[in-house]
Amino acid sequence: MEEVLKSLNDQQRNAVLHTDGPLMILAGAGSGKTKTLVTKISYLIEQKGISPFKVLALTFSNKAAREMRDRIATQVSSDAGALSVTTFHAFCARVLRSEAQYIGLSRNFTIYDTSESKAVIKQVLSRHGISTKELSPYEVLNYMDGLNNLGYYVGIEDEEDFDIDRSDPFFAYYNEYTNELRKSNAVDFGGLITGVLHLFEKFPDVLTKYINRFDYILVDEYQDTNRAQFKLLNYLSKAKRNICVVGDEDQSIYSWRGADIRNILEFEENFPEANVMKLEQNYRSSRNIIEAASSVIARNTHRKGKEMWTSNPTGEEIEVIECFNEKEEAEFITNTIISLSKEGNPTREMAVFYRTNAQSRTIEDQLRRANIPYRVVGGVKFYERKEIKDMLAYLRVIVNSKDSLAFSRIVNVPSRGIGATTLRKLENVAIRDGVSLPEIVETVVDNPSDYKDMKLSAKVRSSLGTLANMYVEARLSDSSGKLPSEIYESVLHESGYLDSLKARKDYESQARIENLEELSSAIKQYETSTQKPDLGGFLETVTLDTSNNEDMGMDLGEVSLMTIHGAKGLEFNHVFLCGVEENIFPSIRSLEEFQDFGLEEERRLFYVAMTRAMKKLYICFAQGRMLYGQLKFNGPSRFINEIPNKYYTWRKVGKISGSSSNSWDDMDDEYDDFNQEQEFDSEEKTWVVSRNQPESKYKTGSKVIHSLYGEGSVIDSEGFGPDEKVTIRFKDGVNKKFMVKFAPLTLI
DNA sequence: CACCGTTAAGTTTTT
DNA sequence: CTTAACGGTG
């Protein structure tokens with residue numbers, strides 16, 4: 001322990017030694033945030049003699065929780081297994097299972113993921129005669145997420161705090177949806193958190209139990225907490241006040257999912273006696289990269305402010321790579337990877353980042369052609385595959401006899417002659433009797449004479465009987481302690497699911513069978529990691545841990561491809577950031593929808609991308625790029641302009657190489673031709689192109705008239721074309737910032 | 001009920 | 001250009 005403490009810098013050590021009372025650690029990228037948190041927990045246990053049982057550490061991802069657990073285990077001699085190091089969601093699920101009866105759930109409730117939530121919304125909407133064409137369930141889901149993220153739940157005391165329009169049809173859908181989940185004994189992701197809020201608010205004794213349970217609470221990635229999680233932390237920590245949160249407002253890139261920057265900005269208001277510490281020394285990147293990234297992020301206004309520094313060497317300059325099109329961009333990246341690799345740099349330490357998943361394709365094509373092994377992080381998740389969801393639905397009906405959604409998913413998969421009509425009949429009777437689908441089927445099968453009016457054919461009745469028998473029996477086996485993997489195998493066969501796949505001889509079905517085998521080994525793996533395995537336990541790990549086991553594969557020295565969001569928390573020697581063009585990055589939609597706030601989040605994203613690089617950062621953009629089947633000339637991202645010149649060199653590669661003096665602006669002459677719609681001839685193809693104006697129209701000092709604010713002069717301008725933003729000082733001395741494309745401005 | 005063709009839309013996704 | 005999701009038909 002002594003040694004570990006010595007290996008910390010002063011800031012880190014202070015953070016570790018400050019154990020009692022609220023503490024917020026603002027930790028810059030690569031500043032040893034996890035190390036500090038891990039050491040702090042070790043210190044609490046080893047030096048302060050705190051029982052591991054009394055410590056709760058909350059993270060967002062299972063990956064982060066695992067990493068933290070592993071690292072603590074190597075530092076602590078006593079029982080680190082007694083620690084609660086877990087995700088917010090898993091923690092809440094655990095609490096809800098223990099206390100389910102208080103809020104009208106039973107402990108075997110199902111957790112619905114996003115697609116299941118959507119399916120329920122679809123049902124609700126169709127009951128209102130609304131088709132998905134008229135209203136996308138996604139929109140309703142967003143609305144409901146919004147409420148969840150704020151910590152709203154049905155029956156909350158201070159409802160007026162939420163500014164809810166009770167006449168909003170969305171609010172009605174939300175209520176019906178909630179009702180539907182309740183009937184299914186199901187909880188969605190957001191409901192896990194708000195369910196615990198509900199519990200703590202309405203049942204003070206339960207709250208007291210958990211307050212007593214935990215003496216120390218630590219939170220990782222605090223900048224990503226939403227309002228509901230903030231409230232949860234408040235409940236848990238307000239009595240003992242030993243809460244330590246670690247975060248970096250500059251790396252907050254999930255506000256669109258409810259992460260609320262106020263949680264950082266208001267921490268001190270909430271805990272007036274709070275200490276705030278900063279970890280500002282970066283151990284990861286070269287000085288060039290750190291300083292460049294710092295100057296970019298300094299443009300954001302919604303931040304507490306940190307000054308990152310590093311004692312690392314200056315390192316190589318950042319390179320801005322101007323390519324002809326996206327294909328040449330990919331070629332550049334591929335070629336550079338090859339030559340770096342020849343110089344002895346491991347490809348495992350290289351990564352390509354992009355703003356949107358769709359951009360990976362071009363890169364992949366090129367890498368494949370060059371025989372460079374790569375792996376795409378993210379993408380289609382194992383547990384989202386149809387066959388996996390189908391089998392999981394079977395398991396869910398077994399565990400939770402009220403899960404109507406899971407039932408309707410499997411009732412006719414494989415096809416057993418129970419179509420929409422039968423399902424409709426069952427639903428009606430189920431609603432009438434106030435029970436779930438699986439339950440009504442059990443009843444109908446047991447007492448067919450009571451349900452003559454349903455007019456079910458003998459064949460349908462027998463099909464339903466077989467199905468119900470199967471899950472009722474499996475349920476008994478499960479509670480009598482039969483291994484989940486055995487139950488799974490028998491369901492796989494008895495349901496006829498496996499046979500129906502085997503009957504199809506195509507390649508796809510083959511792959512599906514393999515996936516089902518993989519599911520089987522996942523269950524077995526779960527069994528070895530738990531003392532008392534049961535199906536419910538397995539389902540919980542599945543729903544709450546969607547990580548792809550991708551790190552399990554062997555190390556083939558693959559180059560990593562991922563979105564910038566996926567890159568958070570990672571680091572690579574060589575980073576290629578591609579597609580750094582206006583409208584892509586910053587994304588046009590984030591600007592349109594959220595304006596300044598959106599731009600700042602995009603800038604944080606850019607900052608996250610930059611600070612992943614340890615040795616060298618390549619920032620690539622293409623002059624022209626095929627997007628949605630059209631050739632677009634977006635121009636380099638404004639973020640490139642935000643990097644001070646001294647930190648980078650500009651290089652043109654491929655078709656446009658040769659002229660080595662550089663900057664997009666130098667190209668103006670060549671591109672003036674494109675200012676209007678033009679035919680562009682290339683590779684024997686003719687495209688109709690339109691291009692943004694390459695140059696700022698509002699130069700510093702020019703006088704303008706704003707139809708609302710009157711006369712003023714331009715004091716700053718960033719970006720160009722329709723995305724240009726100008727800061728104008730008006731006659732009354734007020735400065736305002738406008739997006740040129742929206743603002744009613746006239747040059748004088 | 002399953003398949004296919006048409007249509008519309010097109011970020012990011014720790015749980 | 002893709003992809004997903006609906007509606008019509010065999």
Side-chain angles (χ1 to χ4, degrees), chain A residues 58-67 86-93 111-118 122 131-134 136-138 141-142 145 148-149 187-193 220-221 223-226 228-229 251-259 326 353-362 377-381 383-384 412-421 504 540-548 562-570 579 583-594 598 601-602 604-606 608-609 625-632 687:
Chain A
L58 293 170
T59 65
F60 277 82
S61 66
N62 291 286
K63 197 172 152 200
R66 260 192 299 270
E67 188 189 339
T86 179
T87 64
F88 272 96
H89 293 267
F91 170 74
C92 289
I111 299 169
Y112 279 2
D113 69 17
T114 314
S115 71
E116 285 141 4
S117 294
K118 255 191 222 163
K122 231 169 163 178
S131 74
T132 51
K133 249 188 185 166
E134 295 163 81
S136 140
Y138 183 78
L141 190 74
N142 266 344
D145 266 348
N148 278 329
N149 290 337
V187 179
D188 60 13
F189 285 141
L192 289 172
I193 315 285
D220 192 17
E221 305 281 15
Q223 76 281 353
D224 290 336
T225 49
N226 61 32
Q229 288 155 337
Q251 291 187 72
S252 165
I253 54 175
Y254 284 104
S255 73
W256 49 279
R257 286 188 98 229
E326 76 276 14
F353 301 158
Y354 32 79
R355 177 67 243 268
T356 66
N357 283 308
Q359 292 169 256
S360 77
R361 177 182 291 263
T362 330
V377 180
V380 192
K381 303 222 159 56
Y383 288 109
E384 282 166 14
N412 205 32
V413 178
S415 146
R416 42 174 77 90
I418 306 170
T421 322
R504 301 172 164 223
E540 179 139 328
T541 62
V542 164
T543 330
L544 292 182
D545 189 353
T546 54
S547 61
N548 246 345
M562 64 190 88
T563 64
I564 303 161
H565 284 90
K568 199 174 80 165
L570 305 176
N583 300 333
I584 298 176
F585 194 14
S587 140
I588 180 94
R589 299 199 62 182
S590 69
L591 298 184
E592 278 171 354
E593 220 172 314
F594 306 106
E601 177 136 328
E602 294 286 306
R604 289 193 290 270
L605 201 50
F606 190 70
V608 167
R625 173 183 303 267
M626 282 301 247
L627 271 178
Y628 310 136
Q630 274 195 310
L631 186 59
K632 297 279 186 192
W687 289 291

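Below, read A as the first sequence line, B as the second, and so on, with proteins coming before strands; counting in each chain starts at 1.
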### Message
Once ring-ring contact (aromatic ring centres under 6.0 Å, His included) is applied, do any residues pair with Phe606(A), and if so which ones, sequence neighbours excluded?
### Response
Phe585(A), Phe639(A)

### Task
Going by the side-chain contact (heavy atoms from CB on, under 4.5 Å) test, name the single residue among His89(A), Glu540(A), Arg66(A) that passes it with Asp545(A).
Arg66(A)

Detail all sub-3.5 Å separations between protein N/O atoms and N/O atoms belonging to nucleotides 4-10 of chain C.
residue : atom : partner   : partner atom : Å
dC6(C)  : OP1  : Thr132(A) : OG1          : 2.6

### Summary
For Lys118(A), the side-chain contact (heavy atoms from CB on, under 4.5 Å) test, sequence neighbours excluded, returns Pro137(A), Tyr138(A), Leu141(A)

### ring-ring contact (aromatic ring centres under 6.0 Å, His included) partners for Tyr112(A), two or more places apart
none

### Task
With sequence neighbours excluded, tell me which residues meet side-chain hydrogen bond (donor to acceptor under 3.5 Å, both in side chains) with Gln359(A).
Thr356(A)

### Query
Nearest-Å distance, CD (Glu326(A)) to P (dT2(C))?
11 Å

### Task
Could you tell me which residues satisfy side-chain contact (heavy atoms from CB on, under 4.5 Å) with Glu67(A), sequence neighbours excluded, listed by chain and number?
Thr34(A), Arg71(A)

Identify all pairs in which a protein N or O lies below 3.5 Å from an N or O of nucleotides 9-12 of chain B, and state each distance.
residue : atom : partner   : partner atom : Å
dT12(B) : OP1  : Asn357(A) : N            : 2.9
dT12(B) : O4'  : Arg355(A) : NH2          : 3.1
dT12(B) : O2   : Arg355(A) : NH2          : 2.5

#### Entry: Spacing of Lys568(A) atom NZ relative to dT13(B) atom C1', expressed in whole Å
12 Å

### Task
Kindly write out the residues that satisfy side-chain contact (heavy atoms from CB on, under 4.5 Å) with Ser415(A), not counting sequence neighbours, or none if the list is empty.
Asn412(A)

### Query
What integer number of Å spans the C1' atoms of dC6(C) and dT11(B)?
24 Å

#### Entry: Between P of dT14(B) and CG of Asp113(A), the distance in whole Å
12 Å

### Task
Apply side-chain contact (heavy atoms from CB on, under 4.5 Å) to Thr563(A) and list each qualifying residue two or more places apart in sequence or on a separate chain.
Tyr354(A), Asn357(A), His565(A)

### Task
Check the distance between dT15(B)'s P and Leu58(A)'s CG and give it to me in whole angstrom.
14 Å

### Message
Applying a 4.0 Å non-hydrogen cut-off, can you work out what Gly190(A) is touching in the nucleic acid: base, sugar-phosphate, or nothing?
### Response
nothing

### Pair of N/O donor and acceptor under 3.5 Å linking dT15(B) base with Arg257(A) side chain
yes

### Task
Starting at atom CE of Met562(A), determine the distance to atom P of dT13(B), rounded to an integer number of angstrom.
11 Å

### Task
Round to the nearest Å and state the distance from Leu192(A) atom CG to dT14(B) atom P.
16 Å

### Asn62(A) side chain near dT14(B) phosphate (N/O to OP1/OP2, under 4.0 Å)
no

### Task
Test Glu601(A) against Ser255(A) for side chain to side chain donor-acceptor pair (under 3.5 Å), laying out the working first.
CA-CA 8 Å; Glu601(A) 177 136 328; Ser255(A) 73; 2.5 Å; yes

## Note on the structure
Taking for Phe60(A) and for Ala420(A) the nucleotide of DNA chain B with the nearest heavy atom, the one nearer the 5' end belongs to Ala420(A)

### Task
Return the value, rounded to whole Å, for the distance between atom CD of Gln359(A) and atom P of dT2(C).
15 Å

### Message
Say we look at dA5(C) and dT12(B): how far apart would their P atoms be, to the nearest angstrom?
### Response
15 Å

### Task
Calculate the interatomic distance between Asp545(A) atom CG and dT15(B) atom P; express it in whole Å.
6 Å

